[in-house]
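Residue numbers run from 1 in the order of the sequence given. Both counts, for ligands and for their atoms, begin at 1 and track the order of listing.
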Amino acid sequence: MIHIDCSDIKKRLSDSEFQKAWSKAEDSFLKIQKGTGDGSEWLGWRKILADPNDAMLEQLDSLATRIRAEADVFIVCGIGGSYLGARAVIEALTSFFDSESGPEIIFCGHHLSGQYLKELVEYLEKSNKEGETKSVYLNVISKSGTTLETALSFRVLRQWMVNQFPEDVNDRIICTTSPEGGALNELVKANGYSKFEIPEDVGGRFSVLTPVGLLPVAVAGIDIRTLFYEAVSAFEKLEDNPDSLLEYAACKFALHEKGISMDIITSFEPQLNFLMKWLQQLLGESEGKEGKGMFPAVAGYSTDLHSIGQFVQDGPRNMMETFIQVRKTNERVTVPGSDENHDGLDYLFGKRFDEINTKAFEGTLRAHREGEVPTVVVLLDELNAQHVGEFLYFYELMTAVYCYCLEVNPFNQPGVEGYKKEMYNLLGK
Ligand code: PA5
């Protein structure tokens, strides 16, 4: 289960500030339930949970099992909402270093670095541990099929795959794309690649619980049924009792109305760095419109306390902070003794690292609160597929409710077109 503690923010709001924001959050939730808000044609991320497609989960699982048995490397080619969710879940739920269980998962298509592609191809061409040619599968994920970073990387890699695996290349390429139209559907038709659909009414940043996120996650060996069905159960629970979510959305909205313009999303668990980046995109592309919204910054603590800690403690008081913590960790590493006590840290002898990390969190929380930074704490009981599934849906819904409080459409991203137009002009499109 995840627990949300907004008490610090509530203490900083008057009763009437909070009540006003709460009523707005209630209205916003109703708009989502009734489908009467701006962009309500994009509520497919709720429909997939209201009416789960078991056949699709089965199909994803069986392909993932085959790929896990056959592949040395599984490449995921996508960007933005077609990339961050899969990476977030995989990094949260797999080991930092273990490359033994299942294929190595490599992400590409999320930038325009030629150096990266060159080195990737060189790496793929090196033999595997058994001295054989690496077996590679490629999952290109793009709803439009024309996103520059993804499409160009896919061009390079598809060409390489055709040369490298002339016998069975079509079985090794999997396209995740929109049901109809788009550039990838033409290639699927022409070559018989496997295809998974991104429902038309699900936007990129709300698509982690569709094949966009679920196929790579299943290939990583994570139980997608648990992940998905925990999101389903979060959906059902929140339909009946959304109070914790409404309180959170109301608190964020009330702070926004008081001039808070930045939300620093942080965690003391480095496995959560990409979950925070997923959240950054979900919030950023959804709320930053019409001059409104809080800039969602991401900071990995305690690492970044050594870079931006000063700013958070003492800089302009225009920020809130969202701590994402895990209650129970599995490691039991303890601090060893040292003959000379050369670093003066013998007082920590025998203490577990997770205990020390928790004290670092508690100390930071206390200091930042004293420094007048309003904070919310989001606590996952454990880092597993169950709690991550719940987390994903909770934040999708919270984001939509909060955006309706701001009176912006959570589901479009008109501003992203600005840089694209300039870039395409320069590239001579
Ligand atoms: O959230 C979004 O809609 C975007 O981040 C898209 O996911 C991203 O631009 C990739 O788009 P596409 O899947 O069409 O390649």
Side-chain angles (χ1 to χ4, degrees), residues 38-46 48 75-89 107-112 138-158 173-188 193 195-217 274-289 293 295-296 298 392-393 395-400 402-403 408-424 429:
D38 262 5
S40 57
E41 65 280 21
W42 291 98
L43 290 172
W45 49 280
R46 285 167 52 82
I48 57 171
I75 302 176
V76 181
C77 183
I79 194 168
S82 289
Y83 151 71
L84 284 164
R87 187 156 188 181
V89 177
F107 294 92
C108 76
H110 55 288
H111 49 59
L112 290 164
L138 171 61
N139 180 199
V140 58
I141 308 173
S142 178
K143 198 167 177 192
S144 60
T146 52
T147 303
L148 191 73
E149 293 86 341
T150 304
L152 289 183
S153 301
F154 181 53
R155 271 192 183 215
V156 172
L157 288 169
R158 189 166 82 97
I173 296 181
I174 303 121
C175 299
T176 306
T177 191
S178 43
E180 308 276 341
L184 285 176
N185 276 314
E186 283 172 32
L187 284 184
V188 168
Y193 299 147
K195 174 188 159 181
F196 287 96
E197 290 184 356
I198 311 170
E200 288 293 7
D201 54 0
V202 180
R205 57 189 173 276
F206 288 83
S207 69
V208 56
L209 295 165
T210 72
V212 170
L214 295 178
L215 180 61
V217 165
F274 265 89
L275 200 63
M276 295 194 289
K277 280 177 103 45
W278 171 81
L279 184 52
Q280 178 181 48
Q281 190 218 358
L282 182 66
L283 286 165
E285 272 196 353
S286 302
E287 69 177 291
K289 285 157 203 170
F295 179 77
V298 166
L392 295 173
Y393 178 70
Y395 267 107
E396 287 179 345
L397 184 59
M398 199 289 293
T399 299
Y402 161 63
C403 285
V408 297
N409 177 349
F411 308 114
N412 62 4
Q413 52 281 329
V416 180
E417 294 313 311
Y419 93 86
K420 285 189 185 164
K421 197 171 145 231
E422 296 294 339
M423 175 179 72
Y424 286 132
K429 186 177 178 183

* For residues Phe411 and Trp42, establish whether the separation of their ring centroids is below 6.0 Å. =>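 Between Phe411 and Trp42, the centre distance exceeds or equals 6.0 Å.
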* Asked: Looking just at side-chain N and O atoms, do Thr176 and Asn139 make a donor-acceptor pair shorter than 3.5 Å?
  ->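 Judged by distance alone, the side chains do pair up.
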Is it the case that the side chain of [X] and the backbone of [Y] share a donor-acceptor pair, with hydrogens and angles ignored and the cut-off at 3.5 Å?
X	Y	value
Ser178	Glu200	no
Lys143	Ser82	no
Lys289	Asn409	yes

Provide, line by line, the atom pairs where ligand 1 and the protein bring an N/O atom each to a distance under 3.5 Å; else say none.
from: ligand 1; atom 1: 1 (O); to: Arg205; atom 2: N; distance (Å): 2.9
from: ligand 1; atom 1: 1 (O); to: Gln281; atom 2: NE2; distance (Å): 3.0
from: ligand 1; atom 1: 1 (O); to: Glu285; atom 2: OE1; distance (Å): 3.1
from: ligand 1; atom 1: 5 (O); to: Gly81; atom 2: N; distance (Å): 3.1
from: ligand 1; atom 1: 5 (O); to: Gln281; atom 2: NE2; distance (Å): 2.7
from: ligand 1; atom 1: 7 (O); to: Gly81; atom 2: N; distance (Å): 3.0
from: ligand 1; atom 1: 11 (O); to: Thr147; atom 2: OG1; distance (Å): 3.4
from: ligand 1; atom 1: 13 (O); to: Ser82; atom 2: OG; distance (Å): 2.7
from: ligand 1; atom 1: 13 (O); to: Lys143; atom 2: N; distance (Å): 2.7
from: ligand 1; atom 1: 14 (O); to: Lys143; atom 2: N; distance (Å): 3.4
from: ligand 1; atom 1: 14 (O); to: Ser144; atom 2: N; distance (Å): 2.9
from: ligand 1; atom 1: 14 (O); to: Ser144; atom 2: OG; distance (Å): 2.7
from: ligand 1; atom 1: 14 (O); to: Thr147; atom 2: OG1; distance (Å): 3.3
from: ligand 1; atom 1: 15 (O); to: Ser142; atom 2: OG; distance (Å): 2.6
from: ligand 1; atom 1: 15 (O); to: Thr147; atom 2: OG1; distance (Å): 2.5

* **Results of salt bridge (charged side-chain N to carboxylate O under 4.0 Å, His left out) for Glu285 - residues two or more places apart only** =>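 Checked Glu285 against salt bridge (charged side-chain N to carboxylate O under 4.0 Å, His left out); matches are Arg205.
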